[in-house]
Amino acid sequence: MLAEDGVLLREGLVGLLGRCGHEVVSAVGDAHALLSAVEEHSPDIVVTDVRMPPGFQDEGLHAAVRLREKRPALPVLVLSQYVQRTYAAELLDSGDGTGVGYLLKDRVGQVEEFVAALREVADGGTVVDPEVVRQLLRRRRDPLERLTPREREVLALVAEGRSNSAIARQLVVSQAAIGKHIGNILTKLDLPVTDETHRRVLAVLTYLRA
């Protein structure tokens, strides 16, 4: 399900997704049509712009949040022209905290990265544009004080979607060391005991909201 008011971008995304093996069951240009189309088609994932008619403010974002209130497990990938901190926080707080993504539209031009993000969100993952992460972290006054500087550094990289092996390469340490850091982070944040993938998502959300 695709919601984008720009005709050229909308048609371009429909063509791109089709070439990548995805079926676009409906492509609409405003938030009201998005809500109606989701009710009609029950899509596997929604891709929506933030600003859409009639007010070109945050209609797409509000529609996404409303959809996830009704269907907490509905994967939603939001596209935005600019980093809008409030919008990102609202989206990350919506639904059950899984199957959600916030990407800048520039990322759409990087086709492989965009398609990978789409698949990740559809599979229940959380994808946040690195620039969104940086700007959300920039506003933090008091870092999560229970974490060491190295643990905060590791968690920031986890928030950018890096794997343990990628983090290990960047920090020039072993994967075992990264695994230990992440274990410590999950323990110090007092996250509910569940599968590790979900706990990592909760850790990222805790970090971004701090």
Side-chain angles (χ1 to χ4, degrees), residues 44-47 64-65 67-69 71-80 83 85-104 107 110 112-140 142-210:
D44 296 317
I45 183 171
V46 169
V47 180
V65 173
L67 287 170
R68 284 174 62 80
E69 287 173 349
R71 307 166 182 241
L74 174 65
V76 173
L77 177 59
V78 168
L79 304 177
S80 180
V83 178
R85 295 173 181 175
T86 301
Y87 297 155
E90 282 191 55
L91 180 67
L92 294 173
D93 282 332
S94 68
D96 62 0
T98 63
V100 65
Y102 188 108
L103 291 181
L104 297 182
R107 201 70 59 184
Q110 302 174 32
E112 291 184 1
E113 188 171 344
F114 171 66
V115 173
L118 183 74
R119 289 173 178 159
E120 178 73 16
V121 172
D123 289 339
T126 300
V127 177
V128 183
D129 194 288
E131 183 59 27
V132 176
V133 173
R134 282 191 287 272
Q135 294 208 23
L136 286 174
L137 296 182
R138 198 172 297 153
R139 71 176 181 176
R140 295 190 313 131
D142 185 19
L144 299 173
E145 57 188 19
R146 297 184 66 186
L147 304 184
T148 66
R150 175 60 92 179
E151 288 165 354
R152 292 196 297 271
E153 186 177 16
V154 169
L155 186 50
L157 294 171
V158 171
E160 292 185 10
R162 310 289 183 86
S163 65
N164 285 15
S165 59
I167 295 172
R169 287 194 299 272
Q170 178 162 337
L171 299 183
V172 196
V173 297
S174 68
Q175 287 193 52
I178 296 302
K180 184 176 179 180
H181 284 312
I182 291 176
N184 290 338
I185 290 166
L186 298 179
T187 299
K188 289 180 179 180
L189 293 182
D190 294 324
L191 298 174
V193 178
T194 179
D195 66 274
E196 183 175 340
T197 300
H198 186 54
R199 293 185 81 201
R200 284 171 71 108
V201 171
L202 294 176
V204 169
L205 295 180
T206 300
Y207 192 57
L208 296 178
R209 295 167 186 155

Hey, could you give me the [atom1]/[atom2] distance between [X] and [Y], rounded to the nearest 0.5 Å?
X    : Y    : atom1 : atom2 : result
L205 : L189 : CG    : CG    : 11.0 Å
L104 : D129 : CG    : CG    : 4.0 Å
Y102 : L79  : OH    : CG    : 9.5 Å
L155 : I185 : CG    : CD1   : 5.0 Å

Taking every non-hydrogen atom, the tightest pair across [X] and [Y]:
X    : Y    : answer
P75  : V121 : CB-O, 3.4 Å
R68  : T98  : NH2-O, 2.9 Å
R200 : N164 : NH1-OD1, 2.8 Å
R146 : K188 : NH1-O, 2.7 Å
R152 : L147 : NH1-O, 2.7 Å

Sequence neighbours excluded and cut-off under 3.5 Å, please list the side-chain donor-acceptor pairs for residues 172-182, or say none.
| unit_1 | atom_1 | unit_2 | atom_2 | d |
| --- | --- | --- | --- | --- |
| S174 | OG | A177 | N | 3.1 |

* Asked: Would a 4.5 Å heavy-atom cut-off, applied to side chains only, mark T126 and V204 as touching?
  -> no
* Does the side chain of N184 reach to within under 4.5 Å of the side chain of T148, using non-hydrogen atoms? -> no
* **Any residue meeting side chain to side chain contact (heavy atoms under 4.5 Å, CB included) with A122, in chain and number order, not counting sequence neighbours** => I45
* **Sequence neighbours excluded, every pair satisfying salt bridge (Lys or Arg N to Asp or Glu O under 4.0 Å) that has a member inside residues 161-177** => E160-R162
* Restricting to pairs with a member in residues 112-123, which pass salt bridge (Lys or Arg N to Asp or Glu O under 4.0 Å), not counting sequence neighbours? -> R107-E113
* Asked: Can you list the residues that meet the side chain to side chain donor-acceptor pair (under 3.5 Å) rule with E69, with sequence neighbours excluded?
  -> none
* Could you pull out all residues at least two apart from T187 that satisfy side chain to side chain donor-acceptor pair (under 3.5 Å)? => none
* Asked: Passes side-chain contact (heavy atoms from CB on, under 4.5 Å), L171 versus R150? Steps please.
  -> CA-CA 10 Å; L171 299 183; R150 175 60 92 179; 3.3 Å; yes
